[in-house]
Amino acid sequence: QVQFVESGGGLVQPGGSLRLSCAASGSIVSLSVMGWYRQAPEKQREMVAIITSGGTTNYLNSVKGRFIISRDNAKNTVFLQMSSLKPEDTAVYYCNIAGNPYNYWGQGTQVTVSS
């Protein structure tokens, strides 16, 4: 089982920045793909960014150039630096740990972009 501690969400004005953090416990974490997903009201959950244990990344097209995902394997922590935030980035952001054959989710943190 994996335990999560997510932090960094909140309210920010358009054009602002936020940094999400997710610390996960468990021996499998360092070998896993870590990522961030989001779900806006009445929309399906979507992948925002993922990073492999080796550092390979993949991003949702709409956040490329604005968001950066990184991880600290020594601390089993994944980060999402979000810049130039837009109202359409408003959602609950979920941390994810995935491997074969497991898939774990954090509790989610709210990000609201509004003036």
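Nothing fancy with the numbering, it's 1 onward along the sequence.
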In this structure, would Ile69 and Leu18 fall into the same cluster of hydrophobic residues linked by side-chain contacts under 4.5 Å?
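Yes; tracing contacts between hydrophobic side chains, which count when under 4.5 Å, links both residues.
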Salt bridge (charged side-chain N to carboxylate O under 4.0 Å, His left out) contacts touching residues 1-17 (sequence neighbours left out):
none
Going by the rule side-chain hydrogen bond (donor to acceptor under 3.5 Å, both in side chains), which residues pair with [X] if we only count those two or more places apart in sequence or in a different chain?
| X | value |
| --- | --- |
| Asn58 | none |
| Lys64 | Asn61 |
| Arg38 | Glu46, Asp89, Tyr93 |

Look up atom CD in Gln107 and atom SG in Cys22, then write down how far apart they are to the nearest 0.5 Å.
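These two atoms lie 8.0 Å from each other.
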State the CZ-CD1 distance between Arg19 and Ile68, to the nearest 0.5 angstrom.
10.5 Å
Partners of [X] by side-chain contact (heavy atoms from CB on, under 4.5 Å), sequence neighbours excluded?
| X | value |
| --- | --- |
| Ser25 | Gln3 |
| Ala24 | Val2, Phe4, Val29, Ile97 |
| Asn73 | Arg71 |
| Thr52 | Val33, Thr56 |

Report yes or no: does Asn96 contribute a side-chain atom to a donor-acceptor pair with the main-chain N or O of Tyr104 at less than 3.5 Å?
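The answer is yes, because a donor-acceptor pair under 3.5 Å joins these two groups.
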Side-chain donor-acceptor distances from residues 76-86 under 3.5 Å, at least two apart:
unit_1	atom_1	unit_2	atom_2	d
Thr77	OG1	Lys75	O	2.9

Checking side-chain contact (heavy atoms from CB on, under 4.5 Å) for the pair Ile28/Leu31: CA distance, chi angles, key distance, verdict?
CA-CA 6 Å; Ile28 60 172; Leu31 302 176; 5.7 Å; no
Pairs in or reaching into residues 21-61: which pass ring-ring contact (aromatic ring centres under 6.0 Å, His included), with residues at least two apart or in two chains?
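Qualifying pairs, neighbours excluded: Tyr37-Trp105.
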Write out all pairs satisfying ring-ring contact (aromatic ring centres under 6.0 Å, His included) with one or both partners inside residues 7-27, taking only residues at least two apart or from two chains.
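For residues 7-27: none.
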Any idea which heavy atoms bring Val12 and Gly16 closest together, and the distance?
CG2-CA, 3.7 Å
Which atom pairs, one a donor and one an acceptor, fall under 3.5 Å between side chains of residues 108-115 and the rest of the protein, sequence neighbours left out?
unit_1	atom_1	unit_2	atom_2	d
Thr109	OG1	Gly9	N	3.4
Gln110	NE2	Ala91	O	3.4
Gln110	NE2	Thr112	OG1	3.3

Counting C-beta onward and ignoring hydrogens, is there a side-chain heavy-atom pair between Ser32 and Ser53 closer than 4.5 Å?
no
